[in-house]
Number of protein chains: 2
Amino acid sequence: MVETNGVPGVQTRGRARPRTAPSMAEVAALAGVSSQTVSRVSMGLDNVKPATRDRVLAAMAELGYAPNTAARALRYGSFRTLGVIAHQLARTGESRTVEAVVEAARAEGYTVTIVDVESPSPDDVSAAVTRLSHQAIDGLVIVRAESATPDTLALPAQLPVVVSDSRFVGTHPAVRADQTEGARLAVQHLLDLGHRTVHHVAGPDDSLPARSRIDAWRATLEAGGRAVPEPLHGDWTARTGYAVGRELATDPDVTAVFCANDETAAGVLHALHEAGRRVPDDVSVVGFDGITLAEHLWPPLTTVEQDFARIGSSLVDLLLRQVRDEVDLSGTHETVPVRLVVRESTGPAPRRP
Amino acid sequence: MVETNGVPGVQTRGRARPRTAPSMAEVAALAGVSSQTVSRVSMGLDNVKPATRDRVLAAMAELGYAPNTAARALRYGSFRTLGVIAHQLARTGESRTVEAVVEAARAEGYTVTIVDVESPSPDDVSAAVTRLSHQAIDGLVIVRAESATPDTLALPAQLPVVVSDSRFVGTHPAVRADQTEGARLAVQHLLDLGHRTVHHVAGPDDSLPARSRIDAWRATLEAGGRAVPEPLHGDWTARTGYAVGRELATDPDVTAVFCANDETAAGVLHALHEAGRRVPDDVSVVGFDGITLAEHLWPPLTTVEQDFARIGSSLVDLLLRQVRDEVDLSGTHETVPVRLVVRESTGPAPRRP
DNA sequence: GAGCCAAATGTTTACGTAAACATCATGGCC
DNA sequence: GGCCATGATGTTTACGTAAACATTTGGCTC
């Protein structure tokens, strides 16, 4: 764990105590009591005479006292803080999950420290973990690890961890959306509409969810005895969706496209419109995620909705069970159901010419 | 500052020290040195004999030692952590700004603790501040305070604060996008295209940026001697954009719409499409923010791009200057330029029938 | 009013780190 | 070979809080 450089212990030196907030001792002096009594008031214990309590509260108010979290954390060995490692905070799935995690953590009295990882490369994620473990956290949520694997990622021993969909499933407690069922629903929906086959604009190769969606897409086509076209590769962005979409638009055989996520679908829609192909009359498009804007794209996008709120709260739940009870949950993983929402971007297959 | 309930000092009790990580003392014992020597190695000081350092590093490795952040923070009086209060993390402007803040903070060796505020009401924001000041932060970034004002928000004295666009401008150091210029550019662009006037779908009333945009929209129309229609009110979401858009779509006099943000614009586009009004042939639409999807809406959205990355880094810069140098910057505020990006959602005004 | 119990409050201590100060060795110099 | 400067290491202490233990106060019983 410790290496020549990157030793957990080695840190740059911080400046010493810049600002001096009032301490319990000062409050105690002002109120004419011992600091222990201040502590009792501060913790809301009831074995303090009301008159004394009032004097202490008044002193706190006068000095603007706030308890020193560092000292408390040192005392308790806990920060009541969770760490979150996310890859691209501004991406929809990401921010919705993080938002839900923050919310769920708050409900449990925890706050959340965020580290954004520049690239999803193992190196960057490792660096993020190292940085976070220098920080004050009781547990760690890894929202997207993409290509990182348990081997490439040196997690501090003893640090409770929970991951959302990634290669850590199996080695760490995980929460994942039901990717397989989602992709199946999407593809089957298109087949049921009479499309002969379904093209797929996939996510990046190193992403496990992306691969789950590819696999389920393929399996569903095969189960229906359909031709399986070569999947096209995107990177979750609308930009590549657009680029790939321009190619798809030129192929008259393409009547149904299942996109790895809604952003990609937006790009595909853009390309189709531009090429003059009508949606859904000529081509049907399905997305994945259920971003807020999906409903207001044109035409409104049929998509597979993930329950980000539930994913977030499950992540926190699973993590806190480890933090509090120190149980070993590795291997457990929870699957959150998804939901196909049919809108106007999908329709019956065009009649063959 | 202290009140009957909600006293900063009062907290529920945490369990005491659940997990015991190896301490310096244990490493010292194993390496046969004093804990101070371990500390020196840990801090990377150079006045340790190489042989000794190696022994200490070996001991650290063996025990899986990591420095206790709480103790360090207590010692230094700093966590190297900044707090961020955001309103709706998943909203685009929000998450982009937060992402940039996280990034900029990381570059300065700080991590970021996030508190998501449920509603932008003063009460909720206050609660968030209270929660955060229990946490271990050296400074606070308020990304959107909306209706909160310096009066309604009890900030801990001495806590360095920086705010993005809000009513705190003036009392606290602030960074704001050039709302006025942005709205002017948007409206003028539409007027230059020959539209007689421009309708506005505004943001919520209690948001200062929303009001700046309204004011600049009105001022630009008046400067051009145009009629100023009643502004319509949205809440930044595509949903209300759609609702309001349905009304606009029925009014043949509406040929140009300036939306308070891109999400709203997406909703308006949706409504216009649905009503069979062509964009931009019948109606031109402009957004605000420059979300990634703007380029891939249909038609690609003309919008006023904010430089979120720069806003984020300016926020951190301004905040750290206070944290480190303890200078008083209240009153200073930085304005970040915006940029009009013209796409296909705007075009010449239709010929009058 | 002595005795006793419980409530209220005070005192001591430990949490892990690192600055400040103290000590000890080593080596160069005359 | 003694002296001092220097570098390496050890010892003491403080940071703010809260548990554990100790003491005082007040009220009640008989």
Side-chain angles (χ1 to χ4, degrees), chain A residues 8-29 31-56 59-60 63 65-80 134 136, chain B residues 8-29 31-56 59-60 63 65-80 133-136:
Chain A
V10 175
Q11 249 190 6
T12 52
R13 187 202 316 225
R15 285 182 325 119
R17 41 195 65 272
R19 185 183 336 275
T20 291
S23 73
M24 275 193 173
E26 293 169 56
V27 174
V33 298
S34 75
S35 64
Q36 184 55 35
T37 299
V38 177
S39 170
R40 284 191 261 257
V41 171
S42 171
M43 298 209 297
L45 301 186
D46 54 0
N47 52 352
V48 178
K49 232 197 310 194
T52 311
R53 152 170 286 119
D54 289 347
R55 247 185 315 140
V56 171
M60 281 179 170
L63 295 175
Y65 169 80
N68 180 310
T69 324
R72 277 200 171 159
L74 178 57
R75 199 75 244 284
Y76 285 138
S78 155
F79 288 90
R80 303 193 72 77
H134 283 291
Chain B
V10 175
Q11 249 190 7
T12 53
R13 188 200 315 221
R15 287 179 324 121
R17 40 196 64 273
R19 187 184 333 277
T20 290
S23 73
M24 275 194 174
E26 293 170 58
V27 174
V33 298
S34 75
S35 64
Q36 185 56 36
T37 298
V38 176
S39 170
R40 285 191 261 257
V41 171
S42 171
M43 298 208 297
L45 302 186
D46 54 359
N47 53 351
V48 178
K49 235 199 305 194
T52 311
R53 153 171 285 119
D54 290 347
R55 250 186 313 144
V56 171
M60 282 179 169
L63 295 176
Y65 170 80
N68 179 311
T69 324
R72 277 200 170 157
L74 178 57
R75 200 73 244 286
Y76 285 137
S78 155
F79 282 89
R80 305 192 69 79
S133 58
H134 283 291
Q135 281 316 114

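Computation of the quantities below employed the complete heavy-atom set of this structure, encompassing side-chain atoms and omitting hydrogens, waters and symmetry-equivalent molecules. Residue numbers start from 1 in every chain, and the chains themselves are labelled A, B, ... in the order their sequence lines are given, proteins ahead of strands.
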Please tell me if Tyr76(A) has a side-chain N or O lying less than 4.0 Å from either OP1 or OP2 of dG16(D). no
May I have the distance from [X] (atom [atom1]) to [N] (atom [atom2]), rounded to whole angstrom?
X        : N       : atom1 : atom2 : answer
Arg72(B) : dC15(C) : CZ    : C1'   : 16 Å
Met60(A) : dT17(D) : CE    : C1'   : 12 Å
Leu45(B) : dT9(D)  : CG    : P     : 12 Å
Leu63(A) : dG16(D) : CG    : C1'   : 15 Å
Tyr65(A) : dA18(D) : OH    : C1'   : 10 Å

Note down the inter-axis angle between the two ends of the helix from dG1(C)-dC30(D) to dC30(C)-dG1(D), five pairs each, to the nearest 10°.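 End-to-end axis angle for the helix from dG1(C)-dC30(D) to dC30(C)-dG1(D): 50°, rounded to 10°.
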What contact category does Ser23(A) fall into here, base, sugar-phosphate, or nothing, at under 4.0 angstrom with non-hydrogen atoms?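 Sugar-phosphate only.
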Pair Thr69(B), Arg80(B): side-chain N/O donor-acceptor within cut-off below 3.5 Å: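 No pair is found: no donor N or O on one side chain lies under 3.5 Å from an acceptor on the other.
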Under a 3.5 Å threshold, yes or no: a donor from one side chain and an acceptor from the other, between Arg40(B) and Ser35(B)? no
Of all heavy-atom pairs linking Val56(A) and Ala31(A), the shortest is CA-CB, 4.0 Å
Any idea which heavy atoms bring Leu74(B) and Ala71(A) closest together, and the distance? CD1-CB, 3.9 Å
Please list, chain by chain and in numerical order, all residues satisfying side-chain contact (heavy atoms from CB on, under 4.5 Å) with Arg55(A), sequence neighbours excluded.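 Expected list: Val33(A), Thr52(A).
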Find out whether [X] and [Y] are in side-chain contact, i.e. whether some heavy atom of one side chain is under 4.5 Å from a heavy atom of the other.
X        : Y        : result
Tyr65(A) : Met24(A) : yes
Arg72(B) : Ser42(B) : yes
Met60(A) : Val41(A) : yes

Counting only side-chain heavy atoms from C-beta out, which of dT17(D), dT17(C), dA19(C) sits nearest to Met43(B)? dA19(C)
Identify which nucleotide among dA18(C), dA18(D), dG16(D) has an atom closest to any side-chain atom of Asn68(A), counting heavy atoms from C-beta outward.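 From the listed options, dG16(D) comes nearest.
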Can you tabulate the close N/O pairs, meaning under 3.5 Å, that link protein atoms to atoms of nucleotides 9-13 of chain C?
unit_1: dT9(C); atom_1: OP1; unit_2: Thr52(A); atom_2: OG1; d: 2.4
unit_1: dT9(C); atom_1: OP2; unit_2: Lys49(A); atom_2: N; d: 2.8
unit_1: dT9(C); atom_1: OP2; unit_2: Thr52(A); atom_2: OG1; d: 3.4
unit_1: dG10(C); atom_1: OP2; unit_2: Ser34(A); atom_2: N; d: 2.8
unit_1: dG10(C); atom_1: OP2; unit_2: Ser34(A); atom_2: OG; d: 3.0
unit_1: dG10(C); atom_1: OP2; unit_2: Thr37(A); atom_2: OG1; d: 2.8
unit_1: dG10(C); atom_1: N7; unit_2: Arg40(A); atom_2: NH2; d: 2.8

About how many Å separate CG of Asp54(A) and NZ of Lys49(A), when rounded to the nearest 0.5 Å?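 CG of Asp54(A) is found 12.0 Å from NZ of Lys49(A).
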